[in-house]
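Before any comments, here is the structure.
Worth saying up front: this structure is predicted, and the values here are computed from it rather than measured.
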Amino acid sequence: MKKLYPDAAAALEGVLFDGMMICAGGFGLCGIPERLIDAIRDAGTKDLTIASNNAGIDGEGLGKLLRTRQVKKMISSYVGENKEFERQYLAGELEVEFCPQGTLAERCRAGGAGIPGFYTKTGVGTLVAEGKPVMAFDGPNGPEDYILERGIRADLSIIKGWKADEAGNLVFRKTARNFNQPMATAGKVCVAEVEEIVPVGALDPDQVHLPGIYVNRLILGAPYDKKIEFVTTRERATA
């Protein structure tokens, strides 16, 4: 099965369609599939529902797709660094489903594992629980309420890794592992971009975070510019 593609546009050819749902990996600006996001923007695919921890920042990450009005709905846990997201939401131009961070990760993991739903205490008694079935389970002090959360299955997963071999076995690096792994399994098709591609057999099997069976298409995205959400510096000490 051919997995290596020359660029992001080629890797997404025949996969994109208006109204689709996408799971996008990454955490803040760390580990986001930059090349694939750019290719979706350039393709003009619209009315997208995107499940992602956050929506990038203004002009970076998924913020690029918000700026071009290609996103209809976001399923996210954190949106505080994107003014355009805020503007569209408050103006009623963007539908938002807020989902606690751990619940979002588990919804994607569950979807990828074929689990249609699960019960969790997170969100009980808050707006998160509105309209969701509640069931009591035994706790240390008697029955406790849990809410039902549905697993997420997407038409497409876009993720970024550190290294991959030509068979799609993939390694993440540090914080870039956040959300990429569960998002990868939740899509009917998974397209990955990585910083380095090595021959099959070059990766230690015990170090592989995502088996190649989950990766349908793969591109080399390097070189990347390291982007920082908040530049924090201190004044130099005076002599």
If you compare all heavy atoms of [X] against all heavy atoms of [Y], which two are closest, and at what distance to 0.1 Å?
X	Y	answer
A105	P182	O-CB, 3.7 Å
A39	A8	CB-CB, 3.7 Å
G125	A129	N-CB, 4.2 Å
L36	I159	CD1-O, 4.0 Å
P143	A136	CB-CB, 4.1 Å
A110	F118	CB-CD2, 4.1 Å

Which residues share a side-chain hydrogen bond (donor to acceptor under 3.5 Å, both in side chains) with E195, sequence neighbours left out: none
Non-neighbouring partners of D18 that pass side-chain hydrogen bond (donor to acceptor under 3.5 Å, both in side chains), sequence neighbours left out: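 K46.
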Checking the side chain of [X] only, and the main-chain atoms of [Y] only, is there a donor and an acceptor separated by less than 3.5 Å?
X	Y	result
D47	K72	no
N82	A55	yes
R217	A11	yes
R153	A186	yes
S157	G187	yes
E95	M74	no
E193	L220	no

Which distance, rounded to the nearest 0.5 Å, do you find between the [atom1] of [X] and the [atom2] of [Y]?
X	Y	atom1	atom2	result
L148	M135	CG	CE	8.5 Å
M183	Q181	CE	CD	12.5 Å
W162	R177	CH2	CZ	12.5 Å
F172	L210	CZ	CG	5.0 Å
L16	Q70	CG	CD	9.5 Å

Should the heavy atoms of other residues, nucleotides or ligands under 6.0 Å from [atom1] of [X] be counted, would the total exceed 12?
X	atom1	answer
R150	CZ	no
E93	CD	yes
I213	CD1	no
Y5	OH	yes
R69	CZ	yes
K121	NZ	yes

All salt bridge (Lys or Arg N to Asp or Glu O under 4.0 Å) counterparts of [X], not counting sequence neighbours:
X	result
R109	E106
E97	K73, R107
K163	none
D155	K188

Derivation of the side chain to side chain contact (heavy atoms under 4.5 Å, CB included) call for N178 and N53: CA-CA 9 Å; N178 285 7; N53 175 64; over 6 Å; no
Residue list, ring-ring contact (aromatic ring centres under 6.0 Å, His included) with Y119, at least two apart or on another chain: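 Testing Y119 for ring-ring contact (aromatic ring centres under 6.0 Å, His included), a comparison that skips the adjacent residues, returns F137.
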Member of L62, L65, V71, I50 meeting the side chain to side chain contact (heavy atoms under 4.5 Å, CB included) criterion with I40: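 Going through L62, L65, V71, I50 one by one, the side chain to side chain contact (heavy atoms under 4.5 Å, CB included) with I40 is satisfied by L65 alone.
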Would [X] end up clustered with [Y] when hydrophobic side chains under 4.5 Å apart are linked, directly or stepwise?
X	Y	value
V171	V215	no
L94	I75	no
Y89	L48	yes
L104	F27	yes
M20	I37	yes

By side-chain contact (heavy atoms from CB on, under 4.5 Å) - contacts of V200 (at least two apart):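 If we apply the side-chain contact (heavy atoms from CB on, under 4.5 Å) test to V200, skipping adjacent residues, the hits are D165, E166, A167.
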With a 4.5 Å cut-off on side-chain heavy atoms, are [Y] and [X] touching?
X	Y	result
C23	I152	yes
D7	I219	no
F98	L127	no

Pairs satisfying ring-ring contact (aromatic ring centres under 6.0 Å, His included), at least one member in residues 38-80, at least two apart: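 Of all non-adjacent pairs touching residues 38-80, none passes ring-ring contact (aromatic ring centres under 6.0 Å, His included).
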Inter- and intrachain pairs under ring-ring contact (aromatic ring centres under 6.0 Å, His included), touching residues 175-224, at least two apart: none
I147 vs T122, side chain to side chain contact (heavy atoms under 4.5 Å, CB included): CA-CA, chis, key distance, verdict: CA-CA 8 Å; I147 58 174; T122 304; over 6 Å; no
Exercise: do N54 and S76 side chains pair donor with acceptor under 3.5 Å: no
Worked verdict on L12 versus L156 for side chain to side chain contact (heavy atoms under 4.5 Å, CB included): CA-CA 9 Å; L12 292 172; L156 171 67; 4.0 Å; yes
Residue pairs fulfilling side-chain hydrogen bond (donor to acceptor under 3.5 Å, both in side chains) with at least one residue in residues 29-43, sequence neighbours excluded: E34-K227, D38-K64
Co-members of L29 in a cluster of I, L, V, M, F, W and Y side chains, linked at under 4.5 Å: I32, I57
Residues L170, N180; criterion side chain to side chain contact (heavy atoms under 4.5 Å, CB included); working and verdict: CA-CA 11 Å; L170 202 146; N180 273 300; over 6 Å; no
